[in-house]
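Predicted model, so just to flag it, every value in this text is computed and none were measured. In the text below, chain A, chain B and the rest are named by the order of the sequence lines, each starting its count at 1.
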Amino acid sequence: MREWTPWKTLDILQPFSEQSLSETLNGGQAFRWNYSKKDEYWLGVWGQNVARLRLTEKDCIQFSHPIDHLGCETELARYLRAKFDWDLAINNLPWRSDPHLEAAISAFTGLRILKQPFGEAVLCFLCSATKQIPQIKVMCERMALRFGNELTAGIHALPTWNQLATASETELRELGLGFRAKNIKKTADILAQHPELLDQIEASPYAEAKQRLVELPGVGEKIADCALLFGAAKLEAFPVDTWIIKVLENRYDLQAWTPSQLAQFGRIHYGAYAGFAQQFVFSYERATAVTQRSKK
DNA sequence: AGGCAGGTGGCCA
DNA sequence: TGGCCACCTGCC
């Protein structure tokens, strides 16, 4: 068992709350964070990094990482987008004329969009098709254990696409990936053949990046938008999933709109930070649904 | 016990 | 274009 560094406060422009930290790490953006009630910290993995996170009573965010992992603090600041001005982004959202958005923003103060490694975001959201968050997490965990590097005692990184290309579809199915296994295998083969492809896509403007991403097997509009929003910091990406369809139909009275029309509405109504707005109303809707379910 | 879950692609009109 | 359906698996 290797040692962990003492807790240190991360230099961050705007604070989290317990709730917004939880929602950011474990609300459907990322799938590799778990909270230990006993130890009172979050443990997470991204890229070849592992860290523990916790909030102090004053909402300072503190981190710890394996002692031998130099550079983790820099990577963490990048991952959490510590220096990005999220309040300015909120200022540019249309909450002044949109009571539902305003309520969602108020309910999730401190929520932000992660900058995950792009390839990992593509992989995780390829797993997400018709799955709920706990199940997506299980799939990611199994892929990491089977094909990813061990970072510290018992904790594995997600496999790189090159590592995945060595797996057979059968091996992937054995991890419980179901029909997603075929898409992941085919995508892995393509990315192994074209090592620069993901970097090129990430560096492209949003529209072009999306156009090129949906050429990958199993990547449709929704998964492409998730990967670009959570893995490439393209905040104009607006994933339209079943939750957002519900929100727009019920809260914005847009019944009878097709998903593609709803996507267009979202981009126009919410603007340049549509994906950030999406995350607020997504979280708000899920919180409401969970409350209603537990009342029964 | 059967339907459904943060979808996608293929096939039909 | 637009609607329908199969596709794995697990959970209610």
Side-chain angles (χ1 to χ4, degrees), chain A residues 22-33 104 108 111 113-114 116 120-143 146 167-188 190 210-231 234 237-251 254-264 266 270 274-296:
Chain A
S22 171
E23 192 62 23
T24 300
L25 298 177
N26 199 30
Q29 292 191 47
F31 302 95
R32 302 226 57 214
W33 288 92
F108 285 92
L111 182 69
I113 304 292
L114 298 168
Q116 301 177 57
E120 288 194 353
V122 173
L123 176 59
C124 293
F125 285 97
L126 268 172
C127 294
S128 75
T130 65
K131 284 289 175 191
Q132 302 185 67
I133 294 168
Q135 296 164 30
I136 302 168
K137 288 175 75 171
V138 168
M139 291 189 266
C140 289
E141 185 64 26
R142 287 179 182 160
M143 284 191 294
R146 176 70 180 81
S168 67
E169 185 188 327
T170 307
E171 287 177 300
L172 293 172
R173 278 185 181 265
E174 284 165 3
L175 303 179
L177 299 185
F179 63 79
R180 301 156 198 82
K182 182 182 289 185
N183 295 328
I184 289 171
K185 174 58 180 165
K186 284 164 118 179
T187 292
I190 292 170
K210 183 168 173 181
Q211 197 175 12
R212 297 181 67 181
L213 259 191
V214 297
E215 289 173 12
L216 294 172
V219 179
E221 286 205 37
K222 189 273 178 183
I223 289 176
D225 274 329
C226 285
L228 291 170
L229 179 58
F230 306 127
K234 300 197 189 297
F238 186 74
V240 176
D241 54 47
T242 54
W243 289 96
I244 291 309
I245 291 173
K246 258 196 281 185
V247 170
L248 295 179
E249 284 180 346
N250 300 331
R251 315 288 180 189
L254 302 180
Q255 286 89 358
W257 288 47
T258 67
S260 121
Q261 290 170 328
L262 293 174
Q264 197 179 353
Y270 295 123
F276 189 32
Q278 189 265 12
Q279 202 56 25
F280 279 110
V281 295
F282 173 81
S283 297
Y284 193 49
E285 194 69 14
R286 280 180 59 242
T288 311
V290 169
T291 308
Q292 282 171 354
R293 200 179 316 152
S294 59
K295 271 185 192 164
K296 294 201 238 183

Quiz item: Whole Å only: how far is the CZ atom of A:F179 from the C1' atom of B:dG9?
Solution: 11 Å

Quiz item: If you look at every heavy atom in A:D241 and A:K222, which pair is closest and at what distance?
Solution: CB-CE, 3.6 Å

Quiz item: When the distance from CZ of A:R180 to C1' of B:dG6 is rounded to whole Å, what number comes out?
Solution: 11 Å

Exercise. Taking Watson-Crick and G-U wobble pairs with both distances under 3.5 Å, convert DNA chain C into its dot-bracket string, 5' to 3', dots for unpaired and | for cross-strand pairs.
Key: |||||||.||||

Quiz item: What interatomic distance, in whole Å, is found between P of C:dC7 and the corresponding atom of B:dA1?
Solution: 23 Å

Quiz item: When you check the gap from the basic side-chain N to the acidic O, do A:R32 and A:E120 get nearer than 4.0 Å?
Solution: no

Practice problem: Locate the shortest heavy-atom distance separating A:C124 from A:I136; write the atom from each residue and the value. | Solution: O-CG2, 3.9 Å

Quiz prompt | Pairwise P distance, B:dG6 and C:dG2 [rounded to whole Å] | solution = 26 Å

Quiz prompt | Whole angstrom value for the distance that separates C1' of B:dG6 from CZ of A:F31 | solution = 8 Å

Practice problem: Could you state the atom-to-atom distance from CD1 of A:I133 to C1' of C:dC12 in whole Å? | Solution: 17 Å

Exercise. Using a heavy-atom cut-off of under 4.0 Å over every strand shown, decide if A:R173 touches base, sugar-phosphate, or nothing.
Key: sugar-phosphate

Quiz prompt | Spacing of A:E249 atom CD relative to B:dG6 atom C1', expressed in whole Å | solution = 15 Å

Quiz item: Would you find more than 12 non-hydrogen atoms of other residues, nucleotides or ligands less than 6.0 Å from A:Q135 atom CD?
Solution: yes

Practice problem: Would you indicate what A:F282 reaches in the nucleic acid, counting non-hydrogen atoms under 4.0 angstrom: base, sugar-phosphate, or nothing? | Solution: base

Self-check item: Between C1' of C:dT9 and NZ of A:K137, the distance in whole Å
Solution: 19 Å

Quiz item: Taking DNA chain B as the partner, which of residues 218-229 of chain A come within under 4.0 angstrom of it by heavy atom?
Solution: A:G218, A:V219, A:G220, A:E221, A:K222, A:I223

Practice problem: Whole angstrom is fine here: how far is it from CE in A:M139 over to P in B:dG6? | Solution: 11 Å

Quiz item: Relative to each other, are the rings of A:F125 and A:F230 parallel, tilted or perpendicular (30° and 60° limits)?
Solution: parallel

Quiz prompt | Sugar-phosphate, base or nothing in reach of A:E174, heavy atoms under 4.0 Å | solution = nothing

Practice problem: Work out which heavy atom in A:R180 is nearest to a heavy atom in A:L126; give both atom names and the distance. | Solution: CG-O, 3.6 Å

Quiz item: Looking only at heavy atoms, what is the nearest atom pair of A:C127 and A:L177, with distance?
Solution: SG-CD2, 4.3 Å

Practice problem: Please tell me which of A:N183 and A:S128 maps to the more 5' nucleotide of DNA chain B, matching each residue to the nucleotide holding its nearest heavy atom. | Solution: A:S128

Practice problem: Give the intermediate values and the outcome of side-chain contact (heavy atoms from CB on, under 4.5 Å) for residues A:Q278 and A:Y270. | Solution: CA-CA 8 Å; A:Q278 189 265 12; A:Y270 295 123; 5.9 Å; no

Quiz item: According to the 5.5 Å centroid and 30° plane-angle thresholds, does A:W243 stack upon the nucleobase of B:dG6?
Solution: no

Quiz item: Salt-bridged, A:K246 to A:E285, with N to O below 4.0 Å?
Solution: no

Quiz item: CG of A:L126 versus C1' of C:dC8: gap in Å, rounded?
Solution: 15 Å

Quiz item: Closer to the 5' end of DNA chain C via nearest nucleotide, is it A:T130 or A:Q135?
Solution: A:T130

Quiz prompt | Along DNA chain B (nearest heavy atom to each residue), the more 5'-positioned of A:I136 and A:L216 | solution = A:I136

Quiz item: So does A:K137 pair up with A:E141, basic N to acidic O under 4.0 Å?
Solution: no

